[in-house]
Amino acid sequence: MSLPVVTRFAPSPTGFLHIGGARTALFNWAYARGHGGRMLLRIEDTDRQRSTEPAIQAILEGLQWLGLDWDGEPLSQFARAARHRAIAEELLRRGRAYRCYCTADELEEMRERAAAAGLPPRYDGRWRDRPESEAPEGVAPAIRFKAPSEGETIIEDQVMGRVVFHNRELDDLIILRSDGTPTYNLAVVVDDHDMGVTHIIRGVDHLTNAARQSQIYEALDWPVPVMAHLPLIHGPDGAKLSKRHGALGVDAYRTMGYLPAAMRNYLARLGWSHGDDEIFSTEQLVRWFDLDHVGRSPARFDFAKLENLNGHYLRATPDDQLIAALVEFLPHVPGGAIMLARLDADALARLERLMPGLKERAKTLVELMESARFLVAGRPLAMDDKAQAILAGEGRQALKALLPVLEQAEWSAPALEAAVKSFAEARGLKLGKLAQPLRAALTGSSTSPGIFDVLAALGRQESLSRIGDQAV
RNA sequence: GCGCCCUUCGUCUAGCGGUCUAGGACAUCGCCCUUUCACGGCGGAAACACGGGUUCGAUUCCCGUAGGGCGCGCCA
């Protein structure tokens, strides 16, 4: 246990980095960083049909956005095919593997027969002890691992506990295809060994593989790494993650306006806990993260909680950093580019003044963007329904009456508030009666920060002309 | 079908035999704050799947049942 920790994240590049993969990466990362170890990245691209370069890029970018870095260069599993083949042959030499001359049709038939008999679809081992001399003409053999047929294989899982598999349940899996390329279970074992991986942290969907891989380690006389299998993440309805909810690429979460720090925090709490702590920094996560406190039951993805958490992070981010985050965010969201183009120095200065009020009201960068939009919006100003209603009746009258008062007022938030207040009192009106139409006229929205701050931030000329537009 | 895994408020979870009249967070409901919307504060409702054991004592340990998940490819 005194060995330096080496973890790895090993996605297959057949699509984007989904939320489950992101959490697996986060846990591997946190574990390695918290134990003075390294986290390696391996791209499991041995399936040439389904692996794509764009998918690799998407995964790398997803990790980067999440703020998860890895040590060394990403390793291509495919590039190591020769090494895998050599180990398959080594297994053959050791008598722990054999050539299988079954055809695809034959295997299909085998599965069908098993299904008909109500048996598990397993390879029956027909070439396990059959001499090579009986090999049929013209059939390229695959190499199968000679799995132990008796006894049991035990996984001492750091999360799931001691898991026992009866060896009779595990059939002889193919480790080298008839075209000479390695299959997953062989490649994983060889790579993890060669990379010096000490801790394998991955989803429970690999638990059965853990048993098969453990057998291969044993056949090779290699030490089995520490294993930890994480429960899966489900959608809000408890079923499998679908496109509709959680099975989105992490880039989708970026587009929805979530902050990487909030994502890390939220993902960490999905399946792992540190007492009653809910909001903690990434630094604390690294310090606290352990396998002991990873739960065993699957978790549902809850957008409401993510959103709440994101709101916390938004509010906690210093204004200048938040503006930087927003500026960086805009190109990734529909309509954002236009807004970015209009954010000149003047608008940025106004945004800075309003940020304390704006960020308190936003849960995502999208909401922040929407609430700041009036700063750069051209006229006529787009109005939300409530704002329109407010300006429909008395609101317009109030604005008209208010205009001369504002023209006379000293131009600062407190002074404007005082002026409007005394005007309201003189007329026996509630302040809200005047503030509401002002808000609507200036921002086109019924939800905005302190309206007097808005007035001050916009400036006398801009404000008066906007109010004038709406008052006529 | 077979194997493995899981099961505390609606959701994420704390709990590792007595401290549990089961704690926190999100969501929800009510009140307060307030120029709107939020934020914030206070308070409410809300859970140990079921049945057997083990034990002086089970949310915690064991076994069943039910429900859910994952796996069973010359995919990873």
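All values derive from a computational prediction rather than experimental measurement. The chains referred to below are lettered A, B, ... by the order of the sequence lines, with proteins before strands, and numbering in each begins at 1.
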Asks: Just to verify, what does A:E90 make a side chain to side chain contact (heavy atoms under 4.5 Å, CB included) with, not counting sequence neighbours?
Replies: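 In terms of side chain to side chain contact (heavy atoms under 4.5 Å, CB included), with neighbours along the sequence ignored, A:E90 is linked to A:R93, A:R94, A:L220.
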Asks: Please confirm whether any donor atom in the side chain of A:S178 sits under 3.5 Å from an acceptor in the base of B:C74, or the reverse.
Replies: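 Under the 3.5 Å cut-off, the side chain and the base do form a donor-acceptor pair.
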Asks: Just call it for A:T447: base, sugar-phosphate, or nothing, with non-hydrogen atoms closer than 4.0 Å on any strand.
Replies: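 Since a base atom lies under 4.0 Å of A:T447, the category is base.
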Asks: Do any side-chain nitrogens or oxygens of A:T46 fall under 4.0 Å of OP1 or OP2 in B:A76?
Replies: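 Yes.
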Asks: Does anything in residues 272-279 of chain A come within less than 4.0 Å of RNA chain B? Heavy atoms only, and list the residues if so.
Replies: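 Under 4.0 Å from RNA chain B: A:S273, A:G275, A:D276, A:E278.
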Asks: Run the side-chain hydrogen bond (donor to acceptor under 3.5 Å, both in side chains) test against A:D205 and tell me which residues pass, sequence neighbours left out.
Replies: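 With neighbours one apart ignored, the set is empty.
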Asks: What's touching nucleotides 39-46 of chain B from the protein side, N or O pairs under 3.5 Å?
Replies:
residue : atom : partner : partner atom : Å
B:C39   : O3'  : A:R315  : NH1          : 3.3

Asks: Would you give the length of the straight line joining atom CZ of A:F145 to atom CG of A:L91, rounded to the nearest 0.5 angstrom?
Replies: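 Atom-to-atom, A:F145:CZ and A:L91:CG are 6.0 Å apart.
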Asks: Would you sort out whether A:N167 and A:E152 count as a side chain to side chain donor-acceptor pair (under 3.5 Å), showing the intermediate values?
Replies: CA-CA 5 Å; A:N167 289 339; A:E152 42 197 31; over 6 Å; no
Asks: Going by side-chain hydrogen bond (donor to acceptor under 3.5 Å, both in side chains), name the residues that satisfy it together with A:T447, two or more places apart in sequence or in a different chain.
Replies: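 Here the qualifying residues are A:S445.
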Asks: Are there any protein N/O atoms within less than 3.5 Å of an N/O atom in nucleotides 3-5 of chain B, and if so, which ones and at what distance?
Replies:
none

Asks: Can you run down the ring pair (Phe, Tyr, Trp, His ring centres under 6.0 Å) pairs that involve residues 157-193 of chain A, sequence neighbours left out, and say none if there aren't any?
Replies: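 Qualifying pairs: A:Y184-A:H206, A:H193-A:W222.
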Asks: With A:R128, which residues qualify under side-chain hydrogen bond (donor to acceptor under 3.5 Å, both in side chains), at least two apart?
Replies: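 If we apply the side-chain hydrogen bond (donor to acceptor under 3.5 Å, both in side chains) test to A:R128, skipping adjacent residues, the hits are A:D172.
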Asks: When every nucleotide of nucleotides 60-65 of chain B is labelled 5' to 3' by its protein contacts under 4.0 Å (heavy atoms), B for base, S for sugar-phosphate only, - for none, what sequence of letters results?
Replies: ------
Asks: For A:R296, give me all partners under side-chain hydrogen bond (donor to acceptor under 3.5 Å, both in side chains), at least two apart in sequence or on another chain.
Replies: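 Expected list: none.
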Asks: May I ask you to check whether over 12 heavy atoms, not counting those of A:E407, lie within 6.0 Å of atom CD?
Replies: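 Atom CD in A:E407 is crowded, with more than 12 foreign heavy atoms closer than 6.0 Å.
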Asks: List, one per line, each side-chain donor-acceptor pair under 3.5 Å for residues 284-293 of chain A, sequence neighbours excluded.
Replies:
residue : atom : partner : partner atom : Å
A:Q284  : OE1  : A:S281  : N            : 2.8
A:Q284  : OE1  : A:S281  : OG           : 3.3
A:R287  : NH2  : A:E283  : OE2          : 3.2
A:D290  : OD1  : A:W272  : NE1          : 3.0
A:D290  : OD1  : A:H293  : ND1          : 3.3
A:D290  : OD2  : A:H293  : ND1          : 2.7

Asks: Name every donor-acceptor pair, under 3.5 Å, that has one atom in a side chain of residues 426-436 of chain A and the other anywhere in the protein, sequence neighbours excluded.
Replies:
none

